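Because the structure is predicted, anything quoted here is derived from the model rather than measured. In each ligand, atom 1 is the first atom listed, and ligand 1 is the first ligand listed.
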Amino acid sequence: MSRMKAVQVSKAGGNFEVVERNIPEPGRGQVRIKVEACGICHSDAIVKEGHWPTPIQYPRVPGHEIAGHIDAVGADVANWTPGQRVGVGWHGGHCFVCESCRRGDFILCQKGKITGLTHDGGYAEYMISPAEAVAAMPDELPAAEAAPLLCAGITVFNALRNAGARAGDLVAIQGIGGLGHLGIQYARQMGFRTVAIGRGGDKEPLARKLGAHAYIDISAGNPMNALQKLGGARVILATAPDSKSMSAVFDGLASNGKLLVVGASFDPLAITPLQLIHGRRAAQGWPSGSAIDSEDTLRFSALTGVRPMIERFPLERASEGFQHMISGKARFRVVLTTGA
Ligand SMILES: [Zn+2]
Ligand SMILES: [Zn+2]
C-alpha cells in the first residue's frame with residue numbers, strides 16, 4: 001500500500017502535525033478523492049480545539065473545502081468515475097432515512113456527517129467521502145480557487161438565493177472578509193442593488209471593485225441610518241461574526257426585511273421583539289447546503305466570474321496557514337495546495 005502525506009490533530013487543543021499515512025480505500029458508497037487544494041476555514045478551529053457538542057474522535061484530519069478529482073470509487077457508486085473533477089464541502093453525507101432526509105432537506109439531516117470533523121477531511125493528499133457529499137466541478141475553475149467556494153462560497157450563495165430578495169432589491173452585505181468579499185460578488189451577479197457595510201474608508205475601493213453599488217463605513221456614522229437613507233434593505237447578509245455589529249444594523253431593514261446570519265458567533269444578538277414586530281422583520285440563520293447546492297455555486301461562479309481572493313500555502317505548512325487565517329491577516333481565504 002502506498003503512503004500519503006496528511007496533516008492531523010491528535011487531541012483537542014493539539015497542534016497540526018504533518019504525518020504519513022496509508023492511502024485509504026473507499027468502502028461501499030464512498031469515493032476516494034485526490035486532493036489538489038483544500039481551503040482553511042475558520043470552522044477548522046472547532047476540530048483543532050474540540051469545541052463541538054458531540055466528542056470528536058482523534059486523530060482527525062481537518063478540512064472541508066476540498067477540490068480535486070475522483071481517484072477511486074467503492075462498490076455501489078453509480079454516478080462518479082475516476083478522473084472527474086469534484087469538490088466536497090462541510091456537508092459530508094446524510095442518512096437518507098431521518099425525517100429531514102425524507103423531506104429532501106439533507107443539510108438538516110439528524111445524523112449528518114461533517115467533512116473533516118466526523119471523518120477525515122482535505123488536509124491530506126487523498127480523502128474518502130460518501131458519494132452523496134460530492135459535487136461536480138466545472139473545468140473553468142482552478143482547484144485552488146474552487147476550494148473556498150465549497151464552504152465560504154456555498155454558504156453566502158445559498159443564503160442569498162434563498163433569502164426572498166428579488167432582482168433590483170437592496171441587499172446589504174455586512175462585513176468584507178472571507179465570506180463578505182464573496183457575498184458582495186454574488187449579490188451583484190444575482191441582480192441585487194448591492195450595498196457593502198465595512199469598517200473604515202479604506203475598504204471602499206475593494207468593495208466597489210467586487211461589485212458594490214454603494215459603501216457604508218460604520219466608523220463614519222450609524223449604519224442603520226445610512227441604510228434607511230437608501231430605502232432600507234430587503235436583506236442584510238451578516239457575515240462578520242460579531243453579534244454587536246449585526247444587532248446594530250438590524251434597524252436598517254425595510255419592512256418585511258430579513259437579517260440573514262452566516263457569520264458564526266456564540267454571543268447573543270440584541271434584538272427586541274418590538275424590532276421584529278415593527279415592519280414584520282425577521283432574523284434567520286443559514287447553514288451551507290448539500291452537494292447539489294455546491295454544484296450550483298461552482299457553476300454560477302464559473303458563469304459569472306465570481307472568484308475568491310486567496311493566499312496559497314503548501315500542505316506541509318498548514319499550521320502557518322491556519323495561524324495566518326485565525327490572526328485575521330489573510331486576504332481573504334487561505335488555501336492549502338498539494339502540488340497535484
Ligand atoms: Zn467552513
Ligand atoms: Zn438524515
Students often mix this up, so state it plainly: with edges at 30° and 60°, are the rings of His324 and Phe313 parallel, tilted or perpendicular? tilted

Neighbouring protein N, O or S atoms of the Zn ion (ligand 2) [cut-off: under 2.8 Å, no waters]: Cys95 SG, Cys98 SG, Cys101 SG, Cys109 SG

Residues Arg161 and Asp293 bridged, charged N to O under 4.0 Å: yes

Any salt bridge between Asp120 and Arg60, counting N to O under 4.0 Å? yes

Parallel, tilted or perpendicular: which fits the ring planes of Phe300 and Phe157, with parallel below 30° and perpendicular above 60°? tilted

Excluding waters, which protein N, O or S atoms are within less than 2.8 Å of the Zn ion (ligand 1)? Cys41 SG, His64 NE2, Cys151 SG

Any luck finding a side-chain donor-acceptor pair between Asn22 and Arg3 under 3.5 Å? yes

So CD of Gln275 and CG of Leu253: to nearest 0.5 Å the spacing works out to 9.5 Å

Rounded to the nearest 0.5 Å, how far does CD1 of Ile56 lie from CG of Leu117? 4.0 Å

Side-chain contact test, heavy atoms from C-beta onward, threshold under 4.5 Å: evaluate it for His91 versus Ile154 and give yes or no. no

Going by the side-chain hydrogen bond (donor to acceptor under 3.5 Å, both in side chains) test, name the single residue among Arg193, Arg208, Arg188 that passes it with His213. Arg188

